[in-house]
Amino acid sequence: MTPLADGFHMPAEWERHAGTWMIWPERPDNWRLGAKPAQAAFAAVAAAIARFEPVTMMASAVQYANARKKLPQGVRLVEVSTNDCWARDIGASFVVNGEGELRGVDWPFNAWGGLENGLYFPWDQDDLVALKMLEMERAGRYRAPITLEGGAIHVDGQGTVLTTEACLLAQDRNPGITRETAEQRLRDYLGAETIIWLGAGVPGDETGGHVDNLACFIEPGVVLLSWCDDPADAHYAVSRDAEARLLAATDARGRRITVERITMPTPMFYTEEEVAGLDRTHTGTSRNAGERLAGSYVNFLIANGGVIAPCFGVATDVPAAETLARLFPGREIVMLPGREILLGGGNIHCITQQQPRRRHAA
């Protein structure tokens with residue numbers, strides 16, 4: 001059976017959460033200086049989210065004691081083995097039914113491209129994380145028949161999915177996949193009706209173009225898009241193509257999409273010092289000084305009563321914060337330094353996974 005057949009769907013991120021899941025970073029070929037700066041950044045994100053809702057952090061046996069000392073006592077810490085720490089991409093996508101019952105989708109994971117284009121090997125422990133989460137929550141599990149990461153989708157909770165062709169149709173995830181097959185899988189496992197396809201993702205995004213770095217639903221019928229006004233920037237064409245597709249689309253309820261824009265961060269690049277702090281291995285991601293970072297203010301988490309978003313110490317931080325405050329008048333906007341997370345290839349949305357509230361929960 002599938003979630004759709006059983007009457008389950010994935011709720012929108014702005015709906016009430018039971019809590020948020022994260023994973024403690026430690027991989028030294030992806031996180032510089034033995035992951036200590038990243039651990040401080042992750043701890044700050046966990047502490048900020050914990051002001052609004054419960055947080056569960058997963059950590060390896062080796063890092064458990066260290067994580068416990070660095071995290072607020074209110075953050076639940078559980079021992080889980082992983083290959084890295086991208087909770088959005090390897091964690092369960094939770095679904096609910098009309099009675100408030102909780103289950104989850106377990107998407108097969110292959111490190112964003114498998115042996116051909118994947119960012120590291122092995123990824124076997126990452127591929128078990130969703131199962132372990134669902135076991136801990138005593139929630140039913142659907143193992144999906146399509147390789148997909150949580151950052152490749154956004155939903156409005158009313159039957160509409162937002163995604164990119166760059167990821168969902170990638171042959172290094174699902175060889176031979178067609179658009180029709182991908183759409184049916186999304187309908188079946190997210191309880192959806194309508195798929196809105198964007199094209200490419202943010203230039204330089206190591207995931208191959210996740211939608212959660214480019215655009216997201218902020219309410220039914222409204223999408224926030226990372227925008228660029230510099231014709232010399234590769235994101236200029238990407239953002240205009242995405243806007244044109246959105247404006248031509250209708251959602252599952254027949255609404256035309258309203259597009260809100262948020263500025264692209266001032267261009268940022270890996271420094272010699274940052275790259276020098278990484279271990280070099282044959283099985284991990286290669287990073288080089290001067291390469292552009294795929295920064296985006298869209299990569300935020302909507303929490304209960306708050307929005308936890310990245311800032312980068314650049315000129316665009318202020319207008320981005322003002323845009324978020326205008327678009328989320330009922331939520332507190334919390335901007336946290338995001339460069340250390342960005343150095344690892346993602347940001348706040350990528351390292352978090354929300355769990356919707358069971359209707360009968362206290």
Side-chain angles (χ1 to χ4, degrees), residues 1-18 21 87-109 129-131 133-134 137 139-170 173-174 177-198 207 209-212 214-223 246 249-255 257 301-302 349-350 352-359:
M1 297 296 286
T2 66
L4 179 65
D6 289 342
F8 284 77
H9 73 283
M10 183 176 177
E13 194 169 308
W14 56 80
E15 297 182 52
R16 197 73 179 169
H17 298 175
W21 295 77
R88 177 67 50 179
D89 288 352
I90 66 178
S93 294
F94 289 99
V95 293
V96 297
N97 65 9
E99 288 69 53
E101 182 184 352
L102 182 76
R103 296 182 185 176
V105 179
D106 177 359
W107 309 102
F109 177 75
V129 168
L131 168 62
M133 290 168 61
L134 295 168
E137 294 302 302
R141 167 178 169 261
Y142 298 95
R143 178 69 167 177
I146 178 175
T147 298
L148 181 150
E149 308 89 36
I153 53 172
H154 265 299
V155 300
D156 68 352
Q158 297 184 1
T160 310
V161 181
L162 186 65
T163 191
T164 62
E165 295 168 346
C167 280
L168 264 291
L169 303 183
R173 266 87 153 185
N174 299 285
I177 195 168
T178 64
R179 182 186 298 262
E180 292 72 25
T181 297
E183 288 191 350
Q184 192 58 55
R185 297 291 185 260
L186 292 174
R187 293 188 185 101
D188 286 343
Y189 285 85
L190 297 174
E193 301 171 33
T194 299
I195 317 301
I196 298 178
W197 290 93
L198 303 185
T207 67
H210 273 182
V211 76
D212 73 346
L214 174 65
C216 66
F217 286 108
I218 57 173
E219 61 181 89
V222 183
V223 170
L246 288 165
T250 55
D251 66 15
R253 301 288 179 91
R255 291 173 293 231
I257 301 298
L301 174 74
I302 304 175
H349 196 259
C350 302
T352 56
Q353 178 65 272
Q354 73 276 0
Q355 178 177 324
R357 187 178 184 180
R358 286 179 167 98
R359 185 168 298 176

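Count residues from 1 along the sequence.
Between Trp197 and Leu168 the shortest side-chain heavy-atom distance falls below 4.5 Å. In this structure, Met10 and Glu15 have side chains that are not in contact, with every pair of non-hydrogen atoms separated by 4.5 Å or more. Side-chain atoms of Val95 and Val105, non-hydrogen and from C-beta on, do get closer than 4.5 Å to each other. Two residues are said to be in side-chain contact when any heavy atoms from C-beta on lie closer than 4.5 Å; Glu137 and Gln355 meet this criterion. Using a 4.5 Å heavy-atom cutoff, the side chains of Pro108 and Ile146 are not in contact. Looking at Leu301 and Glu13, their side chains come closer than 4.5 Å, going by heavy atoms from C-beta outward.
In this structure a side-chain-to-backbone donor-acceptor pair under 3.5 Å is present from Gln353 to Ala92. Thr164 places no side-chain N or O within 3.5 Å of a backbone atom of Leu198 that could act as its donor or acceptor partner. A donor-acceptor pair under 3.5 Å links the side-chain atoms of Asp156 to the main chain of Gly159, judged by distance alone. The backbone N or O of Arg253 lies less than 3.5 Å from a partner atom in the side chain of Asp251, making a donor-acceptor pair. Within the 3.5 Å criterion, the main-chain N or O of Gly151 finds a donor-acceptor partner in the side chain of Asp89. When atom types are taken as modelled, the side chain of Arg357 and the backbone of Arg16 share no donor-acceptor pair closer than 3.5 angstrom. Under the 3.5 Å distance criterion, the side-chain polar atoms of Glu183 are left unmatched by any main-chain donor or acceptor of Glu180.
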Worksheet item: Given Ile153 and Leu190, is the side-chain contact (heavy atoms from CB on, under 4.5 Å) satisfied, shown in steps?
Response: CA-CA 10 Å; Ile153 53 172; Leu190 297 174; 3.8 Å; yes
Item to complete: Evaluate side-chain contact (heavy atoms from CB on, under 4.5 Å) for Leu134 paired with Phe94, printing each intermediate quantity in order.
Response: CA-CA 9 Å; Leu134 295 168; Phe94 289 99; 3.7 Å; yes
Practice prompt. Show the numbers, then the answer: is there a side-chain contact (heavy atoms from CB on, under 4.5 Å) between Cys216 and Val211?
Written response: CA-CA 7 Å; Cys216 66; Val211 76; over 6 Å; no
Discussion item. Apply side-chain contact (heavy atoms from CB on, under 4.5 Å) to residues Val223 and Leu162 and explain how you reach the verdict.
Written reply: CA-CA 9 Å; Val223 170; Leu162 186 65; 4.1 Å; yes
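Closest non-hydrogen pair, Met133 versus Gly91, comes out as SD-CA, 3.5 Å.
Atom CD1 of Ile257 and atom CZ of Phe217 lie 5.0 Å apart (nearest 0.5 Å). Separating the CG atom in Leu186 from the CD1 atom in Ile195 is a distance of 4.5 Å, to the nearest 0.5 Å. The CZ atom of Arg88 sits 13.0 Å away from atom OG1 of Thr207, with the distance rounded to the nearest 0.5 Å. A distance of 9.5 Å separates CG in Asn174 from OG1 in Thr181, rounded to the nearest 0.5 Å. In this structure, CD1 on Ile90 lies 12.5 Å from CG on Leu131, to the nearest 0.5 angstrom. From Arg179, atom CZ reaches atom CD1 of Ile177 across 11.0 Å, with rounding to the nearest 0.5 Å.
Using modelled atom types, one finds a donor on one side chain and an acceptor on the other under 3.5 Å when comparing Gln158 with Arg255. Looking at His210 and Glu149, their side chains do bring a donor and an acceptor atom within 3.5 Å of each other. Remark: the Gln354 side chain and the Trp21 side chain contain no N/O donor-acceptor pair separated by less than 3.5 Å. A side-chain donor from one of Ser93 and Trp107 sits under 3.5 Å from a side-chain acceptor of the other.
In summary, the aromatic rings of His349 and His154 are positioned with their centroids under 6.0 Å apart.
Between Tyr189 and Tyr142, the two ring planes are perpendicular [angle over 60°; tilted spans 30° to 60°].
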